[in-house]
Amino acid sequence: QVQLLESGGGLVQAGGSLRLTCAASGLTFSKRAMGWFRQTPGKERGFVAAINLTGGATYYTDSVKGRFTILRDNAKDTVYLQMNSLKVEDTAVYYCAAGASWFALIDGRADYWGQGTQVTVSS
């Protein structure tokens, strides 16, 4: 059974940092591109970041470039999202996703989704 388990969300002040963790099981982790998405009430789930199978290439939505970093550790079947200089507009439920390629993830197509973790940034 495939599981993507997010952790690390919480409440932080603007300008602070959080590190989200996604632990994967039940799939061949090294054969999957991984990504992070986020969703706020009344809006569709949107792409945040993706990383290719080996971790050699990363992709970000413009609004988080320079502030967020996606990393993967294939030996631990784990992907991370380091979030720095957080803004109020970053408040959302963040979802971990696994896909066939980074291109598929950027296009919003994922094979598996986590349950999400809440990130709230206060002013």
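The cationic group of R38 does not satisfy the cation-pi geometry with Y95, failing either the under 6.0 Å distance to the six-membered ring centre or the 45° limit from the ring axis.
At least one side-chain heavy atom of R45 sits under 4.5 Å from a side-chain heavy atom of W113. Put simply, the side chain of M83 reaches to within 4.5 Å of the side chain of Y94, judged on heavy atoms. The shortest side-chain heavy-atom distance between F103 and L105 does not fall under the 4.5 Å cut-off. Within the 4.5 Å cutoff, side-chain heavy atoms of V119 are placed close to those of L18.
Pairs engaging residues 39-85 under the ring pair (Phe, Tyr, Trp, His ring centres under 6.0 Å) rule: F37-F47, Y59-W102 [sequence neighbours left out].
A donor-acceptor contact closer than 3.5 angstrom is absent between the side chains of T91 and E89. For the residue pair T78 and D73, no side-chain donor N or O sits within less than 3.5 Å of a side-chain acceptor on the partner.
The CG atom of D77 sits 8.5 Å away from the OG atom of S25 when rounded to the nearest 0.5 Å. Between the OG atom in S101 and the CZ atom in R109 there is a gap of 6.5 Å [rounded to 0.5 Å]. The NZ atom of K76 lies 12.0 Å from the CG atom of N74; values are rounded to the nearest 0.5 Å.
L5 and L81 are members of different hydrophobic clusters when ILVMFWY side chains are connected at heavy-atom separations under 4.5 Å. If you chain together hydrophobic residues whose side chains sit under 4.5 Å apart, L27 and I70 fall into the same group.
In this structure a side-chain-to-backbone donor-acceptor pair under 3.5 Å is present from R72 to N52. With hydrogens and angles disregarded, no donor-acceptor distance shorter than 3.5 Å links the side chain of T28 to the backbone of K31. Between the E6 side chain and the G116 main chain, a donor and an acceptor come within less than 3.5 Å of each other.
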Legend entry - Derivation of the side chain to side chain contact (heavy atoms under 4.5 Å, CB included) call for M34 and L4: CA-CA 11 Å; M34 301 297 296; L4 301 177; 4.2 Å; yes
Inset, instruction - Evaluate side chain to side chain contact (heavy atoms under 4.5 Å, CB included) for V64 paired with V48, printing each intermediate quantity in order. - result: CA-CA 7 Å; V64 308; V48 176; 4.3 Å; yes
Inset, instruction - Using the side chain to side chain contact (heavy atoms under 4.5 Å, CB included) rule, take C96 and Y112 through it: C-alpha gap first, then chi angles, then the decisive distance, then the call. - result: CA-CA 8 Å; C96 178; Y112 303 101; over 6 Å; no
Legend entry - Full working for side chain to side chain contact (heavy atoms under 4.5 Å, CB included) between T117 and V93: CA-CA 5 Å; T117 185; V93 177; over 6 Å; no
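D90 and R67 are joined by a salt bridge, as a carboxylate oxygen and a charged side-chain nitrogen come within less than 4.0 angstrom of each other.
Scanning for salt bridge (Lys or Arg N to Asp or Glu O under 4.0 Å) contacts around R32 gives D111, with sequence neighbours left out.
Within 6.0 Å of atom CD in Q118, more than 12 heavy atoms from other residues, nucleotides or ligands are found, so the atom counts as buried in its surroundings.
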